[in-house]
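Once you've had a glance at the structure underneath, I'll fire off some questions.
All figures in this text were calculated on a predicted structure; none of them were measured in a lab. So you know, we letter chains A, B, ... as the sequences are listed, proteins then strands, and number each from 1.
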There are 2 protein chains.
Amino acid sequence: MRFIVADWGTTRFRGYLIDNEIILDQVSSDEGVSALQKGQHRDVFLHHCGRWLEAEPNAPVLLVGMVGSREGWVEAPYASCPAGPAEIAQALIPVDLTKGRKAHIIPGLFCEPAPGAADVIRGEETLVLGAGVENGLVCSAGTHPKWILVRNGRIERFATYMTGEMYALLREHSMIGRPATEPSDQKGFDMGLDAAERNGGAQGAERVGLLHLLFGARAAVVSGRMASNLLAPYLSGLLTGDEINGALAQFGRPSSVTILADQARSDLYARALARHGIGAERRNPKQALLAGLTRIVQQHAGG
Amino acid sequence: MRFIVADWGTTRFRGYLIDNEIILDQVSSDEGVSALQKGQHRDVFLHHCGRWLEAEPNAPVLLVGMVGSREGWVEAPYASCPAGPAEIAQALIPVDLTKGRKAHIIPGLFCEPAPGAADVIRGEETLVLGAGVENGLVCSAGTHPKWILVRNGRIERFATYMTGEMYALLREHSMIGRPATEPSDQKGFDMGLDAAERNGGAQGAERVGLLHLLFGARAAVVSGRMASNLLAPYLSGLLTGDEINGALAQFGRPSSVTILADQARSDLYARALARHGIGAERRNPKQALLAGLTRIVQQHAGG
């Protein structure tokens, strides 16, 4: 099936003309959601994708990502878990394009990972539905990594970690990251994983607290116990290891996790998971996005 | 005994003329260590305290705080734990003032809270030695709260948490803290303590990870589950609660903790500790500093 989609995030607009999970044509710009005011989205979309609308008068049009957030085109309320392609297709939010043509915004998902707790996802749900996982645990690793439990092809529940944003905060704004020097020595990543183990509670280890282990990184450098070029990868390893500790506590210990990330990041997660005796299946995020969109648009067209 | 001291931190210079734990005269300025270049410290000290040097030709002179760090006057190497007034007095580092007169920098302390881990303290050790605790657990709460175990009047070991700095990072620079609105509702602090319990590992609770609970705060606000004026105190409660979980894991669960902090912060710690059935003894930080300095200067004079 041929369709038009905009993957419209906080910082980037990416338009695709897709057929059979293949990109026929594409366009991108820096007109992300954060760069736009209310009322501008329609014109931006028509400017980039109007020629496809004319050439493909019957193609469905989907919008995915932060375009459905409060700061986006219109707010698409979060749908509830469990949710698969059918539930998401039913919760699509229409917006007017031109001459009666509509686009449909894919809603984010809400879940309660624990009683009274809240978590949300907006965009990654579509990748996960295209990752080819019928039953299993998926990690979509980015600024805010998501761990998503899939049951019978539907997203059962998920938990988000602020790992990537935290790393950036520590490097750019904190006293903790200030002594870091370049080029960084990747050995530090494994040392950070070692430290995360001390916060894992396993094998009688005391749960000393992430806020203490973070300060300890600075203390190790200023007291001369750690070379300053180990600090940045150490922080990355510590944060990643603590994320994985928490995710495994919430979702159990599968024999393998499916990782949606670029090659370098996938390698780090695979390395960290191997310490727990857990394998890593890698999926290309863009291919997963195309496959997930195709599943949703098929449900939408057939529903 | 009469003596002169500079409590010389990152952002402030504070000079005192002290006799019998009473401040006879004082001066302060914003010439903290971070505002000065190498070679400027002597002149700054003489400018502010020179009149006391002349009036009190036999008074010992102590310098405490970041003035002994790498960025300070001269670097005073960390002394090892356990350390009490005697060990610290022996490790004082002299610097030249004028006409043969010397000041002595109080060194920081280093400890290994766990094998291979590192922690450092510079300044708070003096407060702790003046807190009137012979055996017990002390919390010096500030930007980087320190939990210090005292045995037989000496600092046995300690652990630092980056709680205060983390709160500032989240409020000022992160997506997590962005939705927070004023005036904040202090009810959120208790909700944050609730969330920290879910990371405590007690009573079968899964250890879900601080990085997840932090993101959950944002998720709760953007999904409409939490009012945005609860967010800031919620983050404060979550971070404080997680710090206390970690400190109690490292140092056991005493019946009471001695807290060195201003009134408002002491109240928050007392509230959080009460959930664990632990009492709080409050000490005024400035009185503790004077008492700790007096103990060190007496050792120095007598040694």
Original post:
Does CZ belonging to R171(B) count more than 12 external heavy atoms closer than 6.0 Å?
Top reply: yes
Subject >> Interface residues of residues 208-221 of chain A facing chain B - non-hydrogen atoms under 4.5 Å apart >> reply: V208(A), G209(A), L210(A), L211(A), H212(A), L214(A), F215(A), G216(A), A219(A), A220(A), V221(A)
Original post:
Do any of residues 172-182 of chain B come closer than 4.5 Å to chain A, heavy atom to heavy atom, and if so which ones, in number order?
Top reply: H173(B), S174(B), M175(B), I176(B)
Original post:
Does R225(A) pair with D119(B) as a salt bridge, N-O distance under 4.0 Å?
Top reply: no
Original post:
If you draw a 6.0 Å radius around CZ in R271(B), do more than 12 non-hydrogen atoms from other residues or ligands fall strictly inside?
Top reply: no
**OP:** Taking all heavy atoms of D242(A) and all of R207(B), pick out the closest pair and write down the distance.
**Re:** OD1-NH2, 3.6 Å
**OP:** Would you mind listing every side-chain hydrogen bond (donor to acceptor under 3.5 Å, both in side chains) that reaches into residues 64-79 of chain A, with sequence neighbours excluded?
**Re:** none
**OP:** Would you please go through residues 156-169 of chain B and name the residues with a non-hydrogen atom below 4.5 Å from one of chain A, in numerical order?
**Re:** A159(B), T160(B), Y161(B), M162(B), T163(B), E165(B), M166(B), L169(B)
**OP:** Answer with side chain, backbone, both or neither: which region of P113(A) has an atom nearer than 4.5 Å to a non-hydrogen atom of chain B?
**Re:** side chain
